[in-house]
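Chain identifiers are assigned alphabetically (A, B, ...) following the order of the sequence lines, protein sequences preceding nucleic acid strands; residue numbering begins at 1 within each chain. Note that the coordinates shown come from a computational prediction; the quantities given were computed from them, not determined experimentally.
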Amino acid sequence: MIRYFIQHENVRLLVNTGCCYNRCSPGTENFKAFIDGDSFPMSKFFRDKGVKKMSRDFRDLASHCVKRLTPDHLNEIKVQAGKHFYRAVLEVLFVRHGIDSVVGRTPNSVYLNPFVEYVRTVVKKHGLSESLIEEADIIDSYAVEDALASMLLRRMCAGVLESLIILDRCMAVREALTGGYVGLHMLFERETSPRGWAIVASRS
Amino acid sequence: MTEPALPLPPPYTAETISEYVDALIGFEMEYKRIASFHSHEVFTKGFPVDWAPKYDAETWLSFIAGDVSEQSLPAPLAKFMRLARELPLVGFGPKLDSVEVQKNRKKFSPKKAYEVDVFIKYINETSEKFDIETKRVVDVGAGLGYLSQELVKAGFQVTAIEGDPERAAKTAESAGIECIAKMVNSPDDLDITPDPCLAVSLRMTPRKVMSHLRCMRRTFRTHDTLLYSARKR
């Protein structure tokens, strides 16, 4: 999209609001010219600083909305923490039994039930040993506050990571466009619509 | 358009953008163990930092919001939270209740309606700002054509590009939209018209490597962070 704007003089204005940074190309070790390059880094400015690529985990994290980490979203945060907590305790069982299983999505309603029901659901879905269900009481040995801390601290990194991605794209356009205007503008209220940065470029 | 072209957080300015990017990279380097940590491993591998207190949710959110003095936090945590709060780009979009959002559109969630209305208003304002007269728009990654339809209603002449054939077919049913079903693999794939036009994309998700990544993810997980060439500071 950005490259399209750069390469075609008839495109007078670019307004690009991205999303799902986790689905962009991660970048490669071998740099190519901006026109043929990968999604990150796109700019010479970033490459000259030694930046080479961004992992899938980081790009995934960059999509999160930090603005929703407020007291107004307390209930939402508690629910999410509960999900992380259940999954983390389940991981203890997996490690204990030498299971390397991808759990995948579980309906939200399952997390409203006691942990043993969550384990039962996962066991049934993946055909795992029922002994996991019998050991579900290990949850009493763990605290949701640990899962909450890891979830929130990780999520707080999102703003910086998104800034890296967006600024890199903007700098790439600036490098490739002679004259005109290139800027970054926040189009949307973040709580309503996260990932609202628009790269705006005009040839005039 | 009164906002600065680059919305850097204070004290950074366009003249010190290099220092700003260094600060972003420095944050990533210092806290990459946190950013790359998988929450489900917190009890099996332990959290990568030992200064994360066990607060309840209410307390955490108060700290994150800045409602509590940094002095009451462990120093490493205070530093992390200050940087995480102060380093990202600064920008504020129009509040939901300040935008006249058209209601009663079929299949439009409030979020989608808000995004489309703000986006189109922005395109109009930006075109006027830069004296761009063309009303021809190329909507890249048009999906089911929601944005394209609204652009047509707003008086634009729309060519929509969508890689999914079913979605493209749906978009093509809408009056006034020329929809081209093609995956965009290179800029030349967007070489749709030689006429002056605007290029817009709203929430386009690049699918180029998505299925490939899914397969890779199942066989191994990469935990690479930002990679840097060996460099000396």
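- Using a 4.5 Å cut-off between heavy atoms, B/Tyr55 contacts chain A through its backbone alone, with no side-chain atom that close.
- Among B/Ala65, B/Ser127, B/Pro88, B/Ala57, the residue with the largest count of heavy-atom pairs under 4.5 Å with chain A is B/Pro88.
- Proximity to chain B is limited to the side chain of A/Phe45, based on heavy atoms less than 4.5 angstrom apart.
- Counting heavy atoms from C-beta outward, B/Val21 and A/Met171 have side chains that stay 4.5 Å or more apart.
- With rounding to the nearest 0.5 Å, the separation of CZ in B/Phe63 from CG in A/Leu69 is 15.0 Å.
- Rounding to the nearest 0.5 angstrom, the gap separating the OG atom in B/Ser39 from the CZ atom in A/Arg155 is 8.0 Å.
- Taking the side chain as every heavy atom from C-beta outward, A/Phe58 and B/Lys32 approach each other to under 4.5 Å.
- Across every non-hydrogen atom of A/Trp197 and B/Val90, the tightest pair is CH2-O, 3.4 Å.
- A/Leu90 contributes atom CG, which lies 9.5 Å from atom NE2 of B/His40 (distance to the nearest 0.5 angstrom).
- By the neighbour-count criterion of 12 heavy atoms within 6.0 Å, atom NZ of B/Lys45 is sparsely surrounded, having that number or fewer from other residues, nucleotides or ligands.
- Interatomic distance, SG of A/Cys157 versus CD of B/Glu28, reported as 9.0 Å (0.5 Å rounding).
- Proximity of B/Glu58 to A/Lys78: side-chain heavy atoms (C-beta onward) are separated by under 4.5 Å at one or more points.
- When all heavy atoms of B/Pro53 and A/Ala149 are compared, the closest pair comes out as O-CB, 3.9 Å.
- The contact between B/Val138 and chain A is made entirely by side chain atoms (from C-beta outward), counting heavy-atom distances below 4.5 Å.
- Side-chain contact between A/Lys49 and B/Leu24 is absent, with no heavy atoms from C-beta onward closer than 4.5 Å.
- At a threshold of 4.5 Å between non-hydrogen side-chain atoms, the residues B/Phe43 and A/Glu91 do not count as touching.
- For the residue pair A/Leu148 and B/Asp56, the shortest heavy atom distance occurs at CD2-C, 3.7 Å.
- Between A/Arg154 atom CZ and B/His38 atom NE2 the span is 6.0 Å, to the nearest 0.5 Å.
- Remark: A/Leu13 CG to B/Thr134 OG1 distance equals 10.0 Å, nearest 0.5 Å.
- Of the listed residues (A/Leu152, A/Asp146, A/Val92, A/Asp168), the greatest number of heavy-atom pairs within a distance under 4.5 Å of chain B belongs to A/Asp146.
- Using a 4.5 Å heavy-atom cutoff, the side chains of A/Leu74 and B/Leu61 are in contact.
- With chain A as the partner, the residue from B/Leu89, B/Val42, B/Thr44 showing the most heavy-atom pairs under 4.5 Å is B/Leu89.
- Nearest heavy-atom pair, A/Met156 versus B/Ile64, reported as atom, atom and distance to 0.1 Å: SD-CG1, 3.6 Å.
- In this structure, B/Tyr122 and A/His185 have tilted ring planes: the angle between them lies in the 30° to 60° band.
- The closest side-chain heavy-atom distance from A/Asn10 to B/Asp195 is not below 4.5 Å.
- Contacts between A/Phe46 and chain B at a heavy-atom distance below 4.5 Å involve the side chain alone, from C-beta outward.
- With chain A as partner, the option from B/Tyr31, B/Tyr20, B/Phe119 having the largest number of non-hydrogen pairs under 4.5 angstrom is B/Phe119.
- For a residue to count as touching a neighbouring chain, one of its non-hydrogen atoms must lie under 4.5 Å from one of that chain's; by this rule A/Val160 touches chain B with backbone and side chain alike.
- More than 12 heavy atoms of other residues, nucleotides or ligands lie within 6.0 Å of NZ in A/Lys83, so this atom counts as buried by the packing criterion.
- Heavy atoms of A/Arg96 lying under 4.5 Å from chain B are absent altogether.
- Considering every non-hydrogen atom in both B/Ser201 and A/Asn16, the closest pair reads OG-ND2, 2.5 Å.
- Residues A/Leu184 and B/Pro7 come closest through the heavy atom pair CB-CD, 3.6 Å.
- Of the two parts of B/Ile161, neither the backbone nor the side chain holds a non-hydrogen atom closer than 4.5 Å to a non-hydrogen atom of chain A.
- With chain B as the partner, the residue from A/Val182, A/Leu153, A/Leu14 showing the most heavy-atom pairs under 4.5 Å is A/Leu153.
- Heavy-atom distances place the backbone of A/Ala143, and not its side chain, under 4.5 Å from chain B.
- Contact annotation for A/Ile77: only side-chain heavy atoms (C-beta onward) come within less than 4.5 Å of a heavy atom of chain B.
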